[in-house]
A.B. asks: 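Here you go, one structure.
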Amino acid sequence: MNDAFADRLLAWYDQHGRHDLPWHHDRNAYRVWVSEIMLQQTQVTTVIPYFEAFMQRFPTVRDLAEAPEDDVLSHWSGLGYYARARNLHKAARQVVQEHGGEFPDDQEILETLTGIGRSTAAAIIAQAFNKRAAILDGNVKRVLARYHAVPGWPGKTSVLQELWQHAEAHTPTGRVRDYTQAIMDLGAMVCTRTRPACGDCPLQTDCLARQRDELTLYPGSKPRKAKPEKTTWMLILEDTEGRILLERRPPSGIWGGLWSLPEIDPAHGIDELQEACDRTLGLSCAEPELISGFRHTFSHYHLHIRPARLTVTGDATVADSGRLRWFFRDKALTLGLPAPIRSLITEPEQTALL
DNA sequence: AAGGCGGGGTT
DNA sequence: AACCCAGCCTT
């Protein structure tokens, strides 16, 4: 494109951009990649402590490839979208086995790695290798939708395609690493979702939304839908030695691959929990102690969690098989646990008050 | 083409 | 309480 978009952006970036994020140090493709995956749908301030701990534990792609999946998931615990962690682990093994432990500097090849899509591949190409590639993350979508007054919700395919065209057109051939960081920084620091600081924006003179005084129209908002409400019993089962029974979730779906508490269909009443434990888990238990419930919200539904504590009186070893395992509390807390389950195991009563 | 997939921060 | 966030994958 022949306008001054990239030049103005780069001049602004030199003065005001973020040059000191953790993944900007010791920059290599591995660190860039991990940061990009963590940053998918996750804010920078949330990611930083996870990134530091992850790099301490898995300094290289080989360390990651050789690690047990449980170890990877435990370092992801609380970050959400756990398929990212499983895909990251799988891709690390792909890099080692198919590319000799070196990240390919080709966008198409990067996109063959599990969990790397068009934008993330481009970010790695630009940030790690400083080669030309166009990214389109949430920040860039917002900047471009406003600059070009692109109507509609970016989740819609046609809108997304239009934004990709603008993204490709603006991406310069020189200083791509800086440009990529610059346009994300502008979206995060100036062209913010609410109350953008248009007076500080290097693109303000040519921004169509600004010219029309229609900042709030772009990008178009997602059509809203009511989230369904679901309910489940969650059992805190303790044996006579103080261990807790955990159940590994199926590899896909909600909390895939994580350790959680055994669940019972909410159709059962409190008075049926003992019998349900006996029938489904083979465990004889004392009277359940009810803990007040709470609601956990996912991106697409609400889950009412009704926790109950039961002490196992009979033989506990029968349940220690397949996906079910007994853990001492301290050990359990080192596992990959969903955030509300971690909270429930740590402070059951406090969690219930939330 | 649309929906599944978390958890936290912001308003 | 609703919305968004350095998106990708499956259906």
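Only heavy atoms go into these numbers, but all of them, side chains included; no hydrogens, no water, no symmetry mates.
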A.B. asks: For DNA chain B, what residues of residues 40-64 of chain A have any heavy atom nearer than 4.0 Å?
C.D. replies: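 Close to the strand are A:Gln41, A:Thr42, A:Gln43.
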A.B. asks: With sequence neighbours left out, write down each residue that passes ring-ring contact (aromatic ring centres under 6.0 Å, His included) with A:Phe129, or none if nothing qualifies.
C.D. replies: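 Not a single residue meets the ring-ring contact (aromatic ring centres under 6.0 Å, His included) criterion with A:Phe129.
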A.B. asks: Would you mind reading off the distance between A:Trp33 atom CH2 and C:dG7 atom P, rounded to a whole angstrom?
C.D. replies: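 Rounded to whole Å, this separation is 17 Å.
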A.B. asks: Would you give me the side-chain donor-acceptor pairs under 3.5 Å for residues 234-242 of chain A, sequence neighbours excluded?
C.D. replies:
{"residue": "A:Asp239", "atom": "OD1", "partner": "A:Glu241", "partner atom": "N", "Å": "2.9"}
{"residue": "A:Asp239", "atom": "OD1", "partner": "A:Gly242", "partner atom": "N", "Å": "3.0"}
{"residue": "A:Asp239", "atom": "OD1", "partner": "A:Arg243", "partner atom": "N", "Å": "2.8"}
{"residue": "A:Asp239", "atom": "OD2", "partner": "A:Arg243", "partner atom": "NE", "Å": "2.7"}
{"residue": "A:Asp239", "atom": "OD2", "partner": "A:Arg243", "partner atom": "NH2", "Å": "2.9"}

A.B. asks: Any idea which heavy atoms bring A:Pro219 and A:Pro154 closest together, and the distance?
C.D. replies: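 That would be CB-CG, 3.8 Å.
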A.B. asks: Counting only pairs under 3.5 Å, give me each side-chain donor-acceptor contact of residues 180-201 of chain A, with atom names and distances, residues two or more places apart or in other chains.
C.D. replies:
{"residue": "A:Thr180", "atom": "OG1", "partner": "A:Val176", "partner atom": "O", "Å": "2.8"}
{"residue": "A:Gln181", "atom": "OE1", "partner": "A:His24", "partner atom": "NE2", "Å": "3.1"}
{"residue": "A:Gln181", "atom": "OE1", "partner": "A:Gln127", "partner atom": "NE2", "Å": "3.3"}
{"residue": "A:Gln181", "atom": "NE2", "partner": "A:Asp185", "partner atom": "OD1", "Å": "2.8"}
{"residue": "A:Asp185", "atom": "OD1", "partner": "A:Arg18", "partner atom": "NE", "Å": "2.8"}
{"residue": "A:Asp185", "atom": "OD1", "partner": "A:Arg18", "partner atom": "NH2", "Å": "2.9"}
{"residue": "A:Asp185", "atom": "OD2", "partner": "A:Arg18", "partner atom": "N", "Å": "2.6"}
{"residue": "A:Thr192", "atom": "OG1", "partner": "A:Thr194", "partner atom": "O", "Å": "3.0"}
{"residue": "A:Thr192", "atom": "OG1", "partner": "A:Arg195", "partner atom": "O", "Å": "3.4"}

A.B. asks: Output a table of donor-acceptor pairs, distance under 3.5 Å, between side-chain atoms of residues 44-52 of chain A and any protein atom two or more places apart or on a different chain; print 'none' if there are none.
C.D. replies:
{"residue": "A:Tyr50", "atom": "OH", "partner": "A:Ser77", "partner atom": "O", "Å": "3.0"}

A.B. asks: Using a 4.0 Å cut-off on heavy atoms, which residues in residues 252-260 of chain A reach DNA chain C? List them by number, or say none.
C.D. replies: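 Close to the strand, none.
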A.B. asks: Suppose we call two aromatic rings close when their centres sit under 6.0 Å apart. Are A:His166 and A:Tyr147 close by that rule?
C.D. replies: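 Ring-ring flag for A:His166/A:Tyr147: false, centres at least 6.0 Å apart.
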A.B. asks: Any residue in residues 122-138 of chain A with a heavy atom nearer than 4.0 angstrom to DNA chain B? Just list them by number, or reply none.
C.D. replies: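 Under 4.0 Å from DNA chain B: no residue of residues 122-138 of chain A.
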A.B. asks: Classify the nucleic acid contact of A:Ala339 as base, sugar-phosphate or nothing, counting any heavy atom under 4.0 Å across all strands shown.
C.D. replies: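 Touches sugar-phosphate only.
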A.B. asks: Each nucleotide N or O in nucleotides 9-11 of chain C that has a protein N or O under 3.5 Å away: list the pair and distance.
C.D. replies:
{"residue": "C:dC9", "atom": "OP1", "partner": "A:Gly115", "partner atom": "N", "Å": "2.6"}

A.B. asks: Which donor-acceptor pairs under 3.5 Å do the side chains of residues 256-265 of chain A make with protein atoms, sequence neighbours left out?
C.D. replies:
{"residue": "A:Glu263", "atom": "OE1", "partner": "A:Thr232", "partner atom": "OG1", "Å": "2.9"}
{"residue": "A:Glu263", "atom": "OE2", "partner": "A:Arg249", "partner atom": "NH1", "Å": "3.1"}
{"residue": "A:Asp265", "atom": "OD1", "partner": "A:Ala267", "partner atom": "N", "Å": "2.6"}

A.B. asks: Measure from the side chain of A:Arg295, starting at C-beta and using heavy atoms only, and say which of C:dA6, C:dC5, C:dA1 lies closest.
C.D. replies: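 Given the options C:dA6, C:dC5, C:dA1, the side chain of A:Arg295 is closest to C:dA1.
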A.B. asks: Members other than A:Leu217 in its cluster, when Ile, Leu, Val, Met, Phe, Trp, Tyr link by side-chain heavy atoms under 4.5 Å?
C.D. replies: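 Listed partners: A:Tyr218.
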A.B. asks: Below 4.0 Å from chain A heavy atoms, what is the first contacting nucleotide of DNA chain B and what is the last?
C.D. replies: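 In short, chain A contacts DNA chain B from B:dA1 to B:dT11.
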A.B. asks: Touch check for A:Gln181, heavy atoms < 4.0 angstrom, all strands: base, sugar-phosphate only, or nothing?
C.D. replies: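 The answer is base, as A:Gln181 lies within the cut-off (heavy atoms under 4.0 Å) of a base atom.
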A.B. asks: For A:Tyr81, enumerate each residue passing the ring-ring contact (aromatic ring centres under 6.0 Å, His included) test, keeping only those at least two apart in sequence or located in another chain.
C.D. replies: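 None.
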A.B. asks: Expressed in angstrom and rounded to an integer, what is the separation of A:Leu21 atom CG from C:dA6 atom P?
C.D. replies: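 Distance check: A:Leu21 CG to C:dA6 P gives 12 Å.
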A.B. asks: Figure out the NZ/P separation between A:Lys227 and C:dA2, and round it to whole Å.
C.D. replies: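 Going from NZ in A:Lys227 over to P in C:dA2 covers 7 Å.
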A.B. asks: Counting the benzene-type ring for Trp, do A:Phe294 and A:His296 have ring centres under 6.0 Å apart?
C.D. replies: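 Aromatic pair excluded; centres sit 6.0 Å or further apart.
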